[in-house]
Structures are given as structure tokens and as C-alpha cells.
Student: 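I'd like to ask some things about the structure below.
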Amino acid sequence: MRISADQGRCLGAGQCVLSAPDRFDQSELGLVEVLDPEVPEGDEQRFRDILDLCPSQALSLEA
Amino acid sequence: MTVLPEYPQARGCPFQPASGYADYAPVSKVRLYNGREVWAVTGHAEARQVLLDPVTYSSDRVHPHYPALAPRFESARKVRNFIGMDPPEHTVQRRMLLSSFTVKKTNALRPRIQALVDGLIDEIEAKGPVADLVPDFALPVPSIVICELLGVPYADHAFFEHQSRRVVTGSTTLEESADAFAQLKGYLDELIQRKQREPGDGLLDTLIAEQVETGGLTRAELVDIALLLLVAGHETTASAIALGVVTLLEHPDQLTALRSDARLLPTAVEELLRYMAIADGIARFATADADLAGHRVRAGDGIVVVIATANRDGEAFPSPAAFAVDRGARHHVSFGHGVHQCIGQNLARAEMEIALGTLFRRLPGLRLARDLADLPIKEAGGVQGVWELPVTW
Ligand code: HEM
Ligand code: HEM
Ligand code: SF4
């Protein structure tokens, strides 16, 4: 699975950066940037929980 | 005829939600001060459902259907900024500010916040016990931080602290809040004009250069945004710091756990946020008919999302009434959810971590100098907290 981010929806709350600073960052404009989209097998639930915290539903998992 | 419970209801204990509507979960009708019946959304999943859907559940505070939860909120209708707008209008304004509130930018402020907190504790120690932590500690921390961030002279802090208190507190009357808004607007309008002549290096200066001078915002719009940041940035966080002290002192085993492992500080702050629910509830209105937990919501109906009870929903938080500094749950709705979720949340987290962590480290014998039951509690609704916090050590 891969993490997909929609900058058009992101409102810069930074929840993703708090959850996984090794995976997410914020651009100069304050919008999400995915540093590494690969979700290792077995780690899907942890990332579903992280994605669920995003208040603007800007993040999703894709096959 | 059944009598509906009222919203808001006064808290008996400053960190416990009022118990009066817990039996009506997750969605039920309540009655506001003016007799209007609105939906109280007290379940966690239902609260998120409402807050995630700004098309069906509008934040437009100017709209007559937007419920005023207390008389003072009527006057706030005239203030137009993004907390009271829906997308796409909301999104345009919020994005102008995002670059100043990233996790990186707020973390860069930590050394400054630490120095500020240490300086205030030096003064408290020098004066000796007893200290009132509200004016001596909890208020100045967020107040100085937001002033420096915006580029507002801190010399003027007494003025706007007083005025913004009159805006957000439960007992404020309509006339009083209207006057407070007018005073704050006049002050900010003058400040922004002065900055147009003599630019500084705060967020307001950036917004003048990037937005006002290019036509992205009018000066009046910037005044309303500045007003939001100034009020939003300090009364809430000040309450969270003061009530955080009370909550930790009232849970000595949890305080001991936190003291023995400083790495628990971020999760302890998150649990405090969930448990205290400083913003008791937030309002919306339905723009269309909708289903909500089996109820038929009609277009025009008012909604209050009761943050305090959503944060105690057992479906979302096991043993919800327990205060546990190692819970590690961040899905509370204390900062809201959806597109309006607090833009200042990471700044608030940094301020709470540094203020509470440093206070309990430097004053290990800290305790209340008055019984919990005798602390003056803020009125029902709006921002919750205590007016005074006398402590000794
Ligand atoms: C200058 C800044 C602010 C303005 C202009 C403002 C405006 C308003 C308005 C218009 C309302 C309700 C209006 C109505 O019911 O007709 C309100 C309510 C409220 N505000 Fe503020 N607000 C400000 C800052 C904040 C912030 C940032 C918080 C953070 C928690 C806050 C907490 C609340 C709460 C808890 C309510 C009651 C629920 C609600 O009606 O949404 N206020 N405020
Ligand atoms: C513990 C402290 C704080 C709490 C509990 C809190 C709570 C909230 C809540 C519940 C909302 C959502 C309102 C809604 O959905 O209608 C909100 C929005 C907001 N908060 Fe905070 N807040 C805090 C600190 C701050 C700080 C430090 C700042 C500014 C520096 C700030 C600025 C704002 C702004 C500008 C909004 C409006 C966001 C939008 O509409 O997109 N808040 N806050
Ligand atoms: S959590 Fe969502 S809204 Fe917040 S920065 Fe990440 S993607 Fe953007």
C-alpha cells in the first residue's frame, strides 16, 4: 500500500507530521508533503489510524 | 410535554463536563437560553460526522440560522473571519496563514517559550508563596507568544486581554461584548495603519505586504482575522494551562507518573486536552435535511457539537472517565475536526508542554492554596476554566 495526499484538501493542521515525522512534512505554504509513501506490510492499521486523524480527509491509502 | 435539557449547563467541577445531557447520547434536542431548540451532538462519531461535513453543517456565523449559544454571541455575528465562514471562502483565508503555523515553525518558537516560562517562574519564586497562577503565569505565556507572533506590541496586552475576556466569557452581556469587539477592532485598525507606514516583522506585517498591498485582503478583513488570532490565541490556551495545573494536582498518581518520566509530557498534554475540553461546545446549522444517528435533521436546524461529552464517549475512548497521562489518544475533538480544526493547535501544545513541564519541575511542592470547590469557575458555555488559581509550594 502507498500513502496518497491531496494538497487541495489539506488545511495544514499538521496532525500527520505529529504522528509520523519520518513520513510527512509541510511545505513552505503549510501543505502536506509525503516524504516516503510506502507502507510496509503489517503496518497498514497503524497508518489507517494516522490517516484517520487528518481533519480534512486529505490522506488515503492506495494499492 | 417534556422539558428539554438546556445547553449550556454549568460545570460542577471545572474539568468535568456538565452531566445534564450525557443520558441523551449520541444526538438529542436541547433548549438554548433564548428558547430555541437545537440538536446536541454528544457522541464522538456523530460529532466528527457533523464537523467533517461543512456543506451540510455550516459555520456561517452571519446567517440567522446559526445558533447563538449565549447572548454575547449575537454581537460576534458582525465579525467576519474564517472561523465563521464555509469553504471555499474559509479556505482562501485560512491558507493565507498556514505557513506561520506549521509544526516546524511552532517548534522553532520553543526556545523562546521556554525562556519566557522560566522568567515568569523566576518572578513567582521571587515574590514567594502565595501566587495566583492565572495572572502571573497562565495568561502571560500565550498572551506574549501571540503578540510576538502577530507583531502586536506587548505593552498593549492589558488592554486586549481585558477586552478579549469580555468577548469570550460566559457572563458577558450582548452590549458588553459588542463594546469589547468595537474597542478591539478600533485598536487593531490603528495598529495596522501604523504598520502600513512603518512595517515590522510579525505575521500582521507579512499579511499586510502579501495580501493587503496586493488586494488579497482589505484592511477591514485583516482587522477581523487579527481579532480572531488574538482572542483565539490566548484565552483558550491560558485556560488550558491553569486548568491543566488543577487537573494534574487533583490526580496525584498521574502527576507522579509524569514526573518520573518526562517523555510522557506530550501524551499527558493530549490527555489533558481530551479530559478538560476547554472549548465546551461549538455551533453549526444544517443547510439541508440530513440523517444524524437515526434522527431527521431539517434544513435550518441549529446544532451544538458538545466537545466535552464527545471526548468522554466510551466507544471512542476505553474507560473514558479515567484521566491517564499515558493514554496516547489524539482523536479527541478538543480542537474541533474537519476544515476548521484549530490552526493554532501545535502552538497550544508547545505552550502547554513547556508551561506545565517546567512549572512542576521547578516548583516540586506545588499545591492549591484554596480548596478545589472554592475556585471560581468560568460560566457555562464558551471557554471553560478558572478565574483564579492561588497556589503555594
Ligand atoms: C476574535 C476571535 C473570535 C471571534 C470573533 C469569535 C466569534 C465567535 C462567535 C461568532 C461565536 C458564536 C456566534 C453565535 O453563536 O452567533 C463564538 C462562539 C464560541 N467561541 Fe468564539 N470567537 C473567537 C475566538 C474563539 C476561539 C478561537 C475559540 C476557541 C475555542 C472560541 C470559542 C468559542 C466557543 C466554545 C464558542 C461557543 C460555541 C460556538 O458558538 O461556536 N472563540 N465565537
Ligand atoms: C488549548 C488551546 C486551544 C483550544 C482548546 C482551541 C480550540 C479550538 C476549536 C475547538 C476550534 C474549532 C472551532 C470550530 O470548529 O468552529 C478552534 C479553531 C481555531 N483556533 Fe484554536 N484553540 C486553542 C488554541 C489556539 C491558538 C493558540 C490559536 C492561535 C494562535 C488558535 C486559533 C484558532 C483559529 C484561528 C481557529 C479557526 C480555524 C478555522 O476556522 O479554520 N487556537 N480552536
Ligand atoms: S493532517 Fe491532513 S490537514 Fe493536516 S497537514 Fe496532514 S494532510 Fe494536511
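Quick note on labels: first sequence line is chain A, next is B, and so on, each numbered from 1. This is a predicted model, so every value here is computed, not measured.
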Student: Among the options A/Ala13, A/Pro21, A/Gly12, A/Ser56, pick out the one with the most heavy-atom pairs lying under 4.5 Å from chain B.
Tutor: A/Ala13

Student: Using the test side-chain hydrogen bond (donor to acceptor under 3.5 Å, both in side chains), find all partners of B/Tyr57 that sit at least two apart in sequence or belong to another chain.
Tutor: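 Partners of B/Tyr57 by the side-chain hydrogen bond (donor to acceptor under 3.5 Å, both in side chains) criterion come out as none, since no residue qualifies.
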
Student: Name the member of A/Val17, A/Asp49, A/Leu53 that forms the most heavy-atom pairs with chain B at distances under 4.5 Å.
Tutor: A/Leu53

Student: Heavy atoms under 4.5 Å from chain B: which residues of residues 23-37 of chain A carry them?
Tutor: A/Asp25, A/Gln26, A/Ser27, A/Glu28, A/Leu29, A/Gly30, A/Leu31

Student: So which pairs with a foot in residues 1-21 of chain A pass side chain to side chain donor-acceptor pair (under 3.5 Å), sequence neighbours left out?
Tutor: A/Arg2-A/Glu38, A/Ser4-A/Glu62, A/Gln15-B/Arg330, A/Gln15-B/Gln341, A/Gln15-B/Gln345, A/Ser19-B/Arg330

Student: Without swapping roles, check the side chain of B/Thr206 against the backbone of B/Gly202 for a donor-acceptor pair under 3.5 Å.
Tutor: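 Checking the backbone N and O of B/Gly202 against the side chain of B/Thr206, a donor-acceptor pair under 3.5 Å is found.
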
Student: Examine whether an atom of B/His90 lies under 4.5 Å from a heavy atom of chain A, and if so say whether it belongs to the side chain, the backbone or both; otherwise answer neither.
Tutor: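 Side chain only.
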
Student: I'd like to check the ring-ring contact (aromatic ring centres under 6.0 Å, His included) partners of A/Phe47; sequence neighbours left out, ordered by chain and number.
Tutor: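 Partners of A/Phe47 under the ring-ring contact (aromatic ring centres under 6.0 Å, His included) test: none.
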
Student: Taking the side chain as every heavy atom from C-beta outward, state whether A/Met1 and A/Arg48 have any atom pair closer than 4.5 Å.
Tutor: yes

Student: Flag this pair as yes if the NZ/CZ of B/Arg327 is under 6.0 angstrom from the six-membered ring centre of B/Phe317 and inside a 45 degree cone about the axis; otherwise no.
Tutor: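 Negative - B/Arg327 is either too far from the ring of B/Phe317 or too far off its axis.
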
Student: Taking B/Val141 as the fixed residue, which of B/Thr237, B/Val117, B/Ile146 is the one that meets the side-chain contact (heavy atoms from CB on, under 4.5 Å) rule?
Tutor: B/Val117

